[in-house]
Amino acid sequence: MATENLIDCLNPQQREALLHTEGPLLILAGAGSGKTRVITHKYAYLTQKKKLKPSNLFTVTFTNKAAEEMKHRICSLTSSELKECWIGTFHAQCNRILRKEIKVLGYKPEFVIYDEGDQQSLIRHILRELNIYEALYKGVASRISNLKASMITPERFISSGDGYGFDEKLAKVYMRYQDELKRCNALDFDDLIMLTVKVFEEFPEILERYQERFQYILVDEFQDTNYAQYMLVKLLASGHKNISVVGDDDQSIYRFRGAEVRNIQRFEKDFPELRIVKLEQNYRSTQNILDVSGSVISANPVRKKKSLWTDKGKGEKVHFYWLPTEDDEAKYIAKLIRDIYLKGKHSFGDIAILYRINLQSRAIEEALRRERIPYRIVGGISFYERKEIKDIISYLRLVVNPHDNVSLRRIINTPSRGIGAATLNKIEQESKRKGISLFDAIISICNGKSSTQSVVDRLKGLVDLLREFSALKKESTPEIITHIIEKTGYAEGLSEERLQNIAELMASSEGSSVKDFLDRVSLVTRLDENLPDNMVSLMTLHTAKGLEFPIVFIVGLEEGLMPYFKAFDSEEELCEERRLLYVGMTRAKEMLFLSGARKRRIFSKLQEQEPSRFLADVPRSCCRWIEKAFCRHEKVEKATGNGKKPVSIKIPYKTGCRVRHPKWGVGVVRDCYGEGDDMKVCVNFPGVGIKRLALKFANLERI
DNA sequence: CGAATTGAGTTTTTT
DNA sequence: ACTCAATTCG
């Protein structure tokens, strides 16, 4: 695209954001205000007009998917290939840097990346060793993760002990953990960021090189950066100060994993010459949706004021349904979706159902299935978290690095090869005594005299196996996997589904070396799923970030779920829950349906629920407020703020009931939808076919 | 050492 | 309600 066009198709604020190319810039981009457009156009502008090479631009996004999409859009804007570009998540970018630079910290450049599961199992192991209550491992893991996200190294943490002993213990675990990672030549997710910053801080000459290379820094979703990530971009930008960050404090929903909205204030303070541009025109939603979401979010006390507007007009009212039980809620949604579909203006792919926690999807799935509505869960359990996948990956890691203790522990007896707890214990002891890796400890035991022949044989078998795999390093990855599975007998007794997963893993490993494959696998935690085609999308509110749908349902708007009860005693977290709802609401382009249930099963208990407190802030004038009473056949619409008269909605013809039509005779009702005078019935008349009739004129007779 | 039974904890969100 | 893990039994 020619440069003029890059600029012309932007509104004045977007244009300002694009043209400000010297010095720091903060773009406060409200939901749906076209921020991706600004970033991609700016990228194109910088490369075309300012003659920067893609390798001079450092761009970070929140997810891999966002990175891919951004690359794609830039390519089509500039109609050229993007080679040597630096567009990716913080983790992917840091990985790339560390592969080149980590030697200075004493790691080898072939380090592996441990995911959360690996991290937890290592911490668990350390707790057991240090005789600390093992069940704490999750909490400890998340504390350590937070420390790393705040750039607090073990050494620094020790010096700030609370004097009660607990922190001292934590510090001990932290130290051990970090030590053990290094021995295994492994980094966890947080290390990727923390260690990159460490390299930059301790080796200014390296930092300088990168500062020179990256002449412009672009950061997306800035409100969700943690302190370490902030430090990273700050360091990179501190020379030329050419940095644009895009964010929306109202959409900050990752505090629980260390994101700090404060980074926006930090940014203002650290770069005093900062220019701020607000993008307030919304290109996504109707005015009603903006009014409702806007009034919900404005109840948050601390936020940058924004007033989003649109020229799309009022649109449909936002609906709220209050139903007796979660099953009723699910059924009602399924029914509504059917109605919408039958009206013919929308396909299933236009619809998303959002919820707070994964477990809520169950009831909805059931109802959708019953109504034969195709759906797909987006972002459920990660592909790479499945047991069989993690096992294979552990084998692959050992191919690259046999001293990877976490991976070795994982597969030492999988599939079972007669190495049980007793033997493992012995190996651990040996490794500790000699200060060597588990792998070397096994070899040492084999050479020693202290064990029975049968134990030694089994251990030798494992060592030979691993050595054999290691020798295959140069083969193609699928071949190596095949070999592993054959030689270990891993596939024996595995369910069809699991085998299928392994086959999928092999297919996706086609064409990359083991190292590259492991890299990709650990950073792209889920196969970049495209949104399902012509299916209703089900996902959590978090997952919905960055997406948009013509029609959005948000379910379970009840106290305890939304806001989630764990947030009850923290003002900050309640604000975050509110933002989460806001993010969900602003995904909707045309229609937004909210709902809740009076009774819900949670952890096998039937609970009385109250409507979410957030609903109190919804202006009734934008809404249709419907409470379905206990009696099944009676729905009462409460008076709305602007004095609408209560309307009772009846469904006179249930699906499956028989009716007589003056012309077509007897038929079976397939569906019944719409309300008031617009009520439509869908009837199948044998020998005539399916007819859609306006109830008002059809003269149907119930029989 | 492995299988089976019991028991506990679990369910917020993710790179 | 359900899954995962530890413990116990064979």
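The shown structure was predicted, so the numbers you read here are calculated from the model rather than taken from an experiment. First the proteins, then the strands, lettered A, B, ... as listed; each starts at 1.
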For this session: Could you tell me whether A/N413 contacts a base, only the sugar-phosphate backbone, or nothing, with contacts defined as non-hydrogen atoms closer than 4.0 Å?
Result: sugar-phosphate
For this session: Using a heavy-atom cut-off of under 4.0 Å over every strand shown, decide if A/R255 touches base, sugar-phosphate, or nothing.
Result: nothing
For this session: Please check the phosphate of B/dT13 (OP1 and OP2 only) for any side-chain N or O of A/T543 closer than 4.0 Å.
Result: no
So which protein N/O to nucleotides 5-9 of chain C N/O distances come out below 3.5 Å?
| from | atom 1 | to | atom 2 | distance (Å) |
| --- | --- | --- | --- | --- |
| C/dA6 | OP1 | A/R124 | NH2 | 2.8 |

Exercise. Can you check the A/L561 CG to B/dT11 C1' distance for me, whole Å?
Worked result: 11 Å
For this session: Figure out the OH/P separation between A/Y254 and B/dT15, and round it to whole Å.
Result: 7 Å
For this session: For B/dT14, take OP1 and OP2 only and decide whether either is under 4.0 Å from a side-chain N or O of A/T63.
Result: no
Problem set entry | side chain to side chain donor-acceptor pair (under 3.5 Å) involving A/E388 - partner list, sequence neighbours excluded | A/N501
Problem set entry | Nearest-nucleotide comparison on DNA chain B, the residue closer to the 5′ end among A/K566 and A/F90 | A/K566
Exercise. For A/F62 and B/dT15, do the ring centres fall under 5.5 Å apart while the planes stay under 30° apart?
Worked result: no
Exercise. Does the distance from a Lys or Arg side-chain N to an Asp or Glu carboxylate O, for A/K65 and A/E68, drop under 4.0 Å?
Worked result: no
For this session: Would you mind reading off the distance between A/D188 atom CG and B/dT14 atom P, rounded to a whole angstrom?
Result: 19 Å
Exercise. For A/L541 and B/dT14, what is the distance between atoms CG and C1' respectively, to the nearest whole Å?
Worked result: 14 Å
Exercise. Can you tell me how far C1' of B/dT15 sits from CG of A/D191, to the nearest Å?
Worked result: 13 Å
For this session: For A/Y564, answer base if it contacts any base atom (sugar-phosphate contacts may also be present), sugar-phosphate if it contacts only those atoms, and nothing otherwise; contact means non-hydrogen atoms under 4.0 Å.
Result: sugar-phosphate
For this session: Can you tell me the distance, in whole Å, between the OH atom of A/Y137 and the P atom of B/dT10?
Result: 8 Å
For this session: Determine the contact category for A/I357: base if any of its heavy atoms lies under 4.0 Å from a base atom, sugar-phosphate if only primed atoms, P, OP1 or OP2 are that close, otherwise nothing.
Result: sugar-phosphate
For this session: In whole angstrom, give the distance that lies between atom CG of A/L192 and atom P of B/dT15.
Result: 14 Å
For this session: Using a strict 4.0 Å threshold on nitrogen-to-oxygen distance, state whether A/E110 and A/R99 make a salt bridge.
Result: no
For this session: Examine B/dT11: is either OP1 or OP2 under 4.0 Å from a nitrogen or oxygen in the side chain of A/K138? Give yes or no.
Result: yes
Exercise. What residues in residues 217-230 of chain A put a non-hydrogen atom under 4.0 Å from any atom of DNA chain B?
Worked result: none
For this session: May I ask you to say what A/A567 touches in the nucleic acid, namely base, sugar-phosphate or nothing, with a heavy-atom cut-off under 4.0 Å?
Result: nothing
For this session: Return the set of residues passing salt bridge (Lys or Arg N to Asp or Glu O under 4.0 Å) with A/E260 (not counting sequence neighbours), or none when no residue passes.
Result: A/R262, A/R266
Exercise. Do A/R587 and A/E548 meet the salt-bridge criterion of a basic N to acidic O distance under 4.0 Å?
Worked result: no
For this session: Using heavy atoms to find the nearest nucleotide of DNA chain B for A/E577 and A/D190 separately, return the residue whose nucleotide is more 5′.
Result: A/E577
For this session: Just jot down the ring pair (Phe, Tyr, Trp, His ring centres under 6.0 Å) partners of A/Y254, sequence neighbours excluded, or say none.
Result: A/F62, A/F256, A/H542
For this session: Starting from C1' on B/dT10, measure out to CZ on A/R362 and report it in whole angstrom.
Result: 12 Å
Exercise. By side chain to side chain donor-acceptor pair (under 3.5 Å), which residues pair with A/Y395, not counting sequence neighbours?
Worked result: A/R417
Exercise. With A/R362, which residues qualify under salt bridge (Lys or Arg N to Asp or Glu O under 4.0 Å), at least two apart?
Worked result: none
Exercise. For A/F222, which residues count as a ring pair (Phe, Tyr, Trp, His ring centres under 6.0 Å) partner, sequence neighbours excluded?
Worked result: A/F267
For this session: Applying ring pair (Phe, Tyr, Trp, His ring centres under 6.0 Å), name anything that partners A/Y43, two or more places apart in sequence or on another chain.
Result: none
